[in-house]
Amino acid sequence: MELQPRTNSDTSLDVKSPFPFFFSQVLLLACAEDLECVPGFQQKVFYIEQPFEFTEDQPVLNLEFDDCKGNNKLNFEVSNPDFKVERDGSLVALKNISEAGRALFVHARSEHAEDMAEILIVGANEKHGALKEIFKIEGNLGIPRQKRAILATPILIPENQRPPFPRSVGKVISSEGTEGAKFRLSGKGVDQDPKGIFRINEISGDVSVTRALDREAIANYELEVEVTDISGKTIDGPVRLDISVIDQNDNRPMFKEGPYVGHVMEGSPTGTTVMRMTAFDADDSSTDNALLRYNILKQTPTKPSPNMFYIDPEKGDIVTVVSPVLLDRETMETPKYELVIEAKDMGGLDVGLTGTATATILIDDKNDHPPEFTKKEFQATVKEGVTGVIVNLTVGDRDDPATGAWRAVYTIINGNPGQSFEIHTNPQTNEGMLSVVKPLDYEISAFHTLLIKVENEDPLIPDIAYGPSSTATVQITVEDVNEGPVFHPNPMTVTKQENIPIGSVVLTVNATDPDTLQHQTIRYSVYKDPAGWLEINPTNGTIGTTAVLDRESPYVQNNIYTALFLAIDSGNPPATGTGTLHITLEDVNDNVPSLYPTLAKVCDDAKDLRVVVLGASDKDLHPNTDPFKFELSKQSGPEKLWRITKLNNTHAQVVLLQNLKKANYNIPISVTDSGKPPLTNNTELKLQVCSCKKSKMDCSATDALHISMTLILLSLFSLFCKSFPEL
C-alpha cells in the first residue's frame with residue numbers, strides 16, 4: 001500500500017492549516033517502503049475545531065476503515081446518539097447541535113475486524129497545542145524535537161474486547177535501515193506489572209494486545225519503543241508510545257450513600273427541596289457513559305396525588321410539586337412516602353445502563369391542630385383524707401404523637417387556692433392525671449370545682465389559636481369518712497423529777513374528733529409504755545405513774561422517756577388517733593459513786609510505790625456527781641502502810657508507804673459525790689503484792705499468804721472481848 005497525503009477533509013482541520021501536509025511528510029519520511037495492510041481505522045485520532053453549530057446532515061469528516069478483507073458487514077456506532085456514520089465513512093449530525101462535548105468515539109466492526117476512532121473537539125486556541133503534543137513538535141513549525149527514525153503514534157483500544165487474542169491494535173514505524181534491526185517494547189503492561197498485556201512484532205513493528213482491557217482498572221499505559229541492532233544494542237529511541245483505553249459503557253450507575261431519608265414539613269410551598277440523590281458511575285466521566293439522568297419510577301403510596309414529588313434529572317434534587325394544601329400530614333394515609341429513583345447513564349437514553357435506589361420521604365408535623373378536651377365537664381369523687389389520682393382527663397390532638405405538637409401540658413387555672421390539687425401528663429396516653437396532693441376535709445368543703453386548660457409543648461403555628469375546647473371543668477365531690485381523733489398538741493411534752501411518788505399525775509391529754517357533725521365520744525388507752533411506768537384514765541385522759549420514774553433506766557434516752565397513747569372514737573367502725581408523750585426527767589442524787597479499778601498489783605521489792613490511780617463515776621447528772629472525795633478508812637497498828645492522794649475531781653492515787661511482804665491486802669476506801677445530800681460508797685481495793693524476778697511477776701502464792709486488815713482487826717477485837725468479858 002502506497003502512503004498518500006490526506007486531503008483537507010481527511011484531516012478535519014482548517015484548509016489553511018499547514019499541519020495536514022506536514023503530518024503527511026513525516027509519514028512519507030518514516031515509511032520509505034510500502035507497508036502491508038493493517039486492519040482497522042487508517043487514522044485513529046482526529047481533531048476538529050468546534051463550529052458555531054453542527055448542521056443537520058452536513059458531513060463533519062470522513063473516516064476510513066479497512067479490515068483488509070473487503071469490509072463485509074461493516075457497521076459503525078457513535079458514542080453521541082446525535083451523530084451517525086454513513087456507509088462511506090462520513091460522520092454527520094442528525095440534527096442541528098451547538099454543543100457536542102469534548103470528544104466523540106466511533107466504533108467500527110466488520111466480519112473480520114473492529115476498531116475505535118477518537119474525534120477530539122477543540123477550540124481554535126487548542127488545536128495547535130493538541131497536535132504539538134501528539135507529534136512532539138516545538139519551536140518553528142515543521143522542525144522535529146530531535147532527529148529520529150521511529151514514529152509511534154498514540155494507540156486507542158476499546159475496553160472489554162472479545163476474543164480472539166492477541167489482536168493487532170497499532171503499528172510502530174521506523175526508517176532505520178540497519179540490517180537485523182529489531183523493535184523492542186517495554187514499560188508497564190509489557191515487562192512491568194501487569195506484565196504481558198502488550199507485545200510488539202520485533203520485525204514488523206505490529207503492536208498487539210493479549211487480553212481484554214478494563215479502563216476502570218488502568219485507563220492509560222505509557223510504553224517505550226526502541227530499535228536495537230542484532231546484538232541488542234539500542235540504535236534508536238526510546239520513543240514514548242501512549243496507549244489509551246477507550247471507555248465502554250460497562251458500569252451501571254450505583255447509589256452508594258444510602259439509606260436515603262429526607263424530611264419535608266407539611267404545608268411546605270410547591271417546589272420545596274426535600275433531598276438530593278447522587279449516583280456514581282465508574283465509567284469515563286468525560287463521556288456519556290457516565291452522564292447520568294435521574295427519574296422517579298414509582299411512588300408509594302399514590303395518594304393524595306400519584307406525583308407528589310419531582311426529581312431534577314441532572315442534579316438529582318427531589319422537590320415537592322403538589323400544593324401546600326395536599327401536603328397535609330393529618331389527611332394522608334401515611335406520613336411516609338417511598339420513591340424508587342432510577343439513575344441512567346448515556347444521558348438517559350434507552351441504551352443507557354440503570355441503577356435504582358429507594359428514597360424515603362417523611363412528612364414532618366407542625367403544630368397546626370390544638371389539643372381539645374373530649375368533653376367540657378369531668379366528674380370525680382374522693383374520700384376525705386385520701387391522696388392520689390382521682391380522674392384522668394382525655395384530649396384529642398391530630399398532630400404527630402411522637403412530637404411536641406401532640407404532647408399535652410395541663411394547667412389548673414382556677415379553683416385551687418390551697419394547692420390541694422396537681423395535674424400531670426401521662427406520657428403514654430397524653431391524658432391529664434388530676435391528683436389530690438393535700439388531703440381534703442369534708443367538714444371544711446364537700447365540693448370543689450376546678451378549671452383546667454390544655455396546651456401543647458410546642459407553640460401553635462401563627463394562624464392557629466387555642467379555642468374553648470382547650471379548657472374543661474372538673475367537679476369534685478368529697479365523701480365523709482370516720483376520721484380518727486386528733487391529739488392537741490402532738491407530740492405532748494412534760495418535765496418531771498425522777499423518783500416522784502407512784503400515783504403522781506403526769507399530764508391530762510386532750511384529743512378532739514374531726515367529725516364534728518357526728519357528735520362522737522372519745523376513750524383513751526395506753527398504746528406503748530416500754531418501762532410500764534404509766535396509766536391513763538379512759539374517760540378524761542389523765543396520765544399517772546404506776547412505778548418509780550428512773551432517769552438512769554435504759555428506757556430513757558437523753559433524759560426523755562417516750563410513751564404512746566390512743567384516742568378511740570365511738571364510730572362504726574371506730575377510728576383511732578395516736579398521741580406521743582415525751583417526759584423529760586430531772587435528775588435526783590439517787591446513785592452512789594462507783595470506784596475503778598478494784599484490783600491492783602505491785603512487786604514486793606518495787607522502788608516505785610505508787611500502786612494505782614483510782615477513778616470514780618456517777619450515773620447521776622451534774623451537780624450530783626464530781627468533784628468526788630476519796631478517803632481511806634482508819635489504819636490500825638503502830639505504823640501506816642498506805643495513803644491516798646487526790647489528783648483531780650474524778651481521780652486519786654494510792655501510794656504504799658513501805659514495801660510489803662508477798663500477800664493479798666484489802667484496802668478500805670470511801671468515795672463521796674457532791675450531791676445534796678451527798679452519797680458515799682464504801683468499798684475495798686484488792687492489792688496483790690507479788691514477787692518479781694527477771695521482769696516476771698509471780699502472784700501465785702499470794703492467796704496462801706492472804707492478810708486482810710479487816711480480819712486482823714476483827715480477830716484482835718474478838719480476843720480482847722474474851723480476855724475482858726466484864727467490859
Does Lys453 pair with Glu455 as a salt bridge, N-O distance under 4.0 Å?
-> yes
Would you call Asp608 and Arg610 a salt bridge, taking side-chain N to carboxylate O under 4.0 Å as the test?
-> yes
Exercise: do Tyr555 and Asp529 side chains pair donor with acceptor under 3.5 Å = no
Basic-acidic side-chain contact under 4.0 Å: Lys375, Glu377 | no
Does any donor atom in the side chain of His582 or Thr562 lie under 3.5 Å from an acceptor atom in the other side chain?
-> yes
State plainly whether the residues Lys662 and Asp604 are in salt-bridge range, i.e. N to O under 4.0 Å.
-> no
When you check the side-chain N and O atoms of Thr508 and Asn510, is any donor under 3.5 Å from an acceptor?
-> no
Does a side chain donor of either Thr449 or Gln475 reach within less than 3.5 Å of an acceptor in the other side chain?
-> yes
OH/Tyr596: more than 12 non-hydrogen atoms of other groups inside 6.0 Å = yes
Ion pair Glu552/Lys619, N-O distance below 4.0 Å | no
Show the numbers, then the answer: is there a ring-ring contact (aromatic ring centres under 6.0 Å, His included) between His448 and Phe421?
-> CA-CA 10 Å; His448 296 268; Phe421 302 94; 5.6 Å; yes
Check: Asn537 side chain, Asn540 main-chain N or O, donor-acceptor pair, under 3.5 Å = yes
Under 4.0 Å between a Lys/Arg side-chain N and an Asp/Glu carboxylate O for Lys383 and Asp480?
-> no
Lys676, NZ atom: more than 12 neighbouring heavy atoms under 6.0 Å | no
Is the closest side-chain donor-acceptor distance between Asn589 and Asp673 under 3.5 Å?
-> yes
Between Asn482 and Gln520, is any side-chain donor less than 3.5 angstrom from a side-chain acceptor?
-> yes
Can a donor-acceptor pair be found between the side chains of Ser594 and Ser617 at a distance below 3.5 Å?
-> yes
Can you name the nearest heavy-atom pair linking Gly267 to Pro324, along with the distance?
-> O-CB, 3.4 Å
Near Phe378 CZ, under 6.0 Å, is it more than 12 heavy atoms from other residues, nucleotides or ligands?
-> yes
Within the distance-only criterion (no hydrogens, no angle test), does the side chain of Asp365 pair as donor or acceptor with the backbone N or O of Asp400 below 3.5 angstrom?
-> yes
Without swapping roles, check the side chain of Glu333 against the backbone of Pro301 for a donor-acceptor pair under 3.5 Å.
-> no
Tell me, yes or no, whether the heavy-atom count around Asp463 atom CG, taken from other residues, nucleotides or ligands under 6.0 Å, exceeds 12.
-> yes
